[in-house]
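These notes concern the structure reproduced below.
As the structure lists them, so they are numbered: ligands from 1, and atoms in each ligand from 1. Start at 1 with the first residue, then count along the sequence.
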Amino acid sequence: MNRQSLRLSFEFFPPKTAEGQEKLMHTVDALGTLAPEFFSVTYGAGGSTRSNTRDAVLAIRDKGHAVAPHLSFGNDDQDTLLALLQEYRDAGIRRIVALRGDLPSGMADSSRLVYARDLVAFIRQHFGEHFHLEVAAYPEIHPDAPGYLADVRFLKGKFDAGANSGITQYFYNAEAYAQFIETCAKEGITQPIVPGIMPITNAANLMRFSDNCGADIPRWLRYRLQDLKDDPEALKAYGVEVVTRLCERLIELGAPGLHFYTMNQAEPTTTLVKALGLR
Ligand code: FAD
């Protein structure tokens with residue numbers, strides 16, 4: 001595979017303030033020079049960031065970039081979701097990351113969550129093939145899944161409902177991805193599944209985040225990060241080394257692209273892309 005043509009995509013969260021929005025636009029300019037296939041903007045639990053996500057999406061589009069809003073039913077009814085999707089369609093958006101999402105903290109009624117498969121089917125029913133639909137995949141298996149194979153089969157259900165490609169939760173064990181891709185293929189999944197990459201810049205944040213979303217930080221990595229937690233420069237350098245090695249292995253395994261969780265910062269992702277010789 002020609003490294004220069006590997007698909008890159010960059011994920012942001014929607015800023016809450018005008019200052020954050022301005023900072024994000026600088027990040028978009030910097031990462032835009034790496035020729036990503038698209039940017040994406042996350043969607044808060046329960047639809048809590050609906051307008052912030054939409055504003056960030058439209059601002060990135062105004063800069064001439066392809067951009068994919070993340071979307072889930074959250075607490076919204078079908079009409080609210082339809083209106084938002086129509087707005088995206090009319091704004092020239094061609095890609096959506098379709099999710100179940102989680103409930104806002106404090107809400108425990110998981111029966112209100114709509115599976116991503118149903119959102120995919122809903123979008124296909126109302127918008128035909130207009131949108132390229134991305135769905136989430138979990139090489140280390142989603143925390144609510146009843147089992148490994150069950151989770152892979154639910155992923156297959158999302159593709160059968162009309163999703164075009166997958167993006168994974170981040171992980172630091174390349175072999176988990178290798179196993180997962182092999183199992184997906186055995187279960188009849190033919191669509192590309194792009195690994196999600198989380199740069200390592202802050203040990204405490206990474207640990208907290210990972211505990212919340214079920215991403216595994218291997219014991220050896222946890223200990224090394226613990227050793228380096230008071231030396232930000234050394235931690236950053238070590239993070240680049242570990243994540244570069246991970247990406248090298250993923251490329252070797254035939255990963256169809258890399259999706260970076262940028263945390264709205266340009267520098268960590270740019271360093272990795274350059275270290276890998278991808279642009
Ligand atoms: P689903 O695919 O619906 O699966 C959810 C769980 O239900 C899984 O455990 C699955 O095994 C199980 N399941 C699926 N179908 C069935 C069924 N028929 N019966 C029983 N069990 C079933 N979260 C946000 O809040 N905002 C974001 O913007 C966001 N972006 C993300 C982007 C990526 C690339 C990834 C990997 C995750 C993202 N998340 C986001 C997190 C995601 O919303 C959570 O992980 C959520 O808990 C699951 O969403 P899903 O779309 O994977 O759900």
Side-chain angles (χ1 to χ4, degrees), residues 7 9-15 37-50 52-54 56-57 67-76 81 84 88 95-105 107-108 110-123 132-171 176-177 180 183-184 187 189 191-198 209-216 255-264:
R7 169 189 131 166
S9 47
F10 302 131
E11 180 172 315
F12 302 128
F13 57 84
E37 180 141 320
F38 65 96
F39 292 102
S40 81
V41 184
T42 60
Y43 195 67
S48 54
T49 67
R50 192 184 310 115
N52 288 344
T53 296
R54 187 196 50 213
V57 162
V67 52
H70 295 209
L71 190 64
S72 59
F73 261 98
N75 290 323
D76 291 332
L81 228 65
L84 183 57
Y88 283 143
R95 190 184 294 256
I96 303 274
V97 182
L99 301 151
R100 180 196 75 171
D102 293 307
L103 289 172
S105 51
M107 284 181 63
S110 61
S111 65
R112 295 185 59 188
L113 287 169
V114 176
Y115 291 122
R117 180 199 55 198
D118 299 332
L119 176 58
V120 168
F122 177 79
I123 298 174
H132 178 112
L133 298 179
E134 303 276 354
V135 289
Y138 301 85
E140 292 174 336
I141 299 309
H142 187 270
D144 302 346
Y148 190 104
L149 266 185
D151 204 32
V152 171
R153 286 173 185 158
F154 289 137
L155 174 62
K156 171 115 180 10
K158 297 195 268 193
F159 288 121
D160 290 346
N164 301 95
S165 42
I167 301 173
T168 78
Q169 183 58 276
Y170 67 89
F171 55 87
Y177 177 78
F180 183 70
T183 311
C184 286
E187 291 298 315
I189 293 175
Q191 291 82 352
I193 299 176
V194 171
I197 307 296
M198 177 70 89
F209 215 65
S210 303
D211 287 344
N212 285 341
C213 70
D216 186 44
L258 298 173
H259 176 83
F260 286 88
Y261 296 103
T262 70
M263 305 306 284
N264 292 12

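Of the candidates Y138, Y261, Y170, it is Y138 that places a heavy atom closest to atom 37 (C) of ligand 1. Counting heavy atoms only, D102 comes closest to atom 46 (C) of ligand 1 of the residues D102, V114, L119. Taking each of A136, G166, A116, G101 in turn, the one with a heavy atom nearest to atom 49 (O) of ligand 1 proves to be G101.
When only non-hydrogen protein atoms are considered, atom 12 (C) of ligand 1 lies nearest to F154 CD1, 3.9 Å. Nearest protein heavy-atom neighbour of atom 30 (N) of ligand 1: H70 ND1, 2.9 Å.
Residue Y115 touches ligand 1 through backbone and side chain together, judged by heavy-atom distances below 4.0 Å. Heavy atoms from both the backbone and the side chain of R100 come within less than 4.0 Å of ligand 1. Only the backbone of T168 comes within 4.0 Å of ligand 1, judged by heavy-atom distances. Residue contacts with ligand 1 for K158 involve side-chain atoms from C-beta outward but no N, CA, C or O (heavy atoms, distance under 4.0 Å).
Atom numbering of ligand 1 starts at 1 in the shown order; those under 4.0 Å from a heavy atom of L99 are 27 (C), 28 (O), 29 (C), 30 (N), 31 (C), 38 (C), 40 (C), 51 (O). Taking every heavy atom of Q169 and a limit of under 4.0 angstrom, the matching atoms of ligand 1 come to 36 (C). Ligand-side atoms of ligand 1 in range of I167: 34 (C), 36 (C), range being under 4.0 angstrom from any heavy atom. Ligand 1 places these atoms under 4.0 Å from at least one heavy atom of T42: 27 (C), 28 (O).
Residue Y43 has at least one N or O atom closer than 3.5 Å to an N or O atom of ligand 1. Considering backbone and side-chain N/O of A145, one or more are found under 3.5 Å from N/O of ligand 1.
Just one of T49, T42, T53 meets the side chain to side chain contact (heavy atoms under 4.5 Å, CB included) condition when paired with F13; it is T42. Among the candidates I193, L155, I167, the single residue satisfying the side chain to side chain contact (heavy atoms under 4.5 Å, CB included) test with V135 is L155.
Every ring pair (Phe, Tyr, Trp, His ring centres under 6.0 Å) that F122 has, sequence neighbours left out, goes to F73, H126. Remark: D144 pairs with R100 by the salt bridge (Lys or Arg N to Asp or Glu O under 4.0 Å) rule, at least two apart or across chains.
Atom-to-atom distance recorded for L71:CG and L119:CG is 5.5 Å, nearest 0.5 angstrom. The structure places OG of S40 at 13.0 Å from CZ of F260, a figure rounded to the nearest 0.5 Å. S165 contributes atom OG, which lies 6.5 Å from atom CZ of F159 (distance to the nearest 0.5 angstrom).
In this structure a side-chain-to-backbone donor-acceptor pair under 3.5 Å is present from K158 to A136.
Ring planes of F171 and Y177: parallel class, angle under 30° (limits at 30 and 60°).
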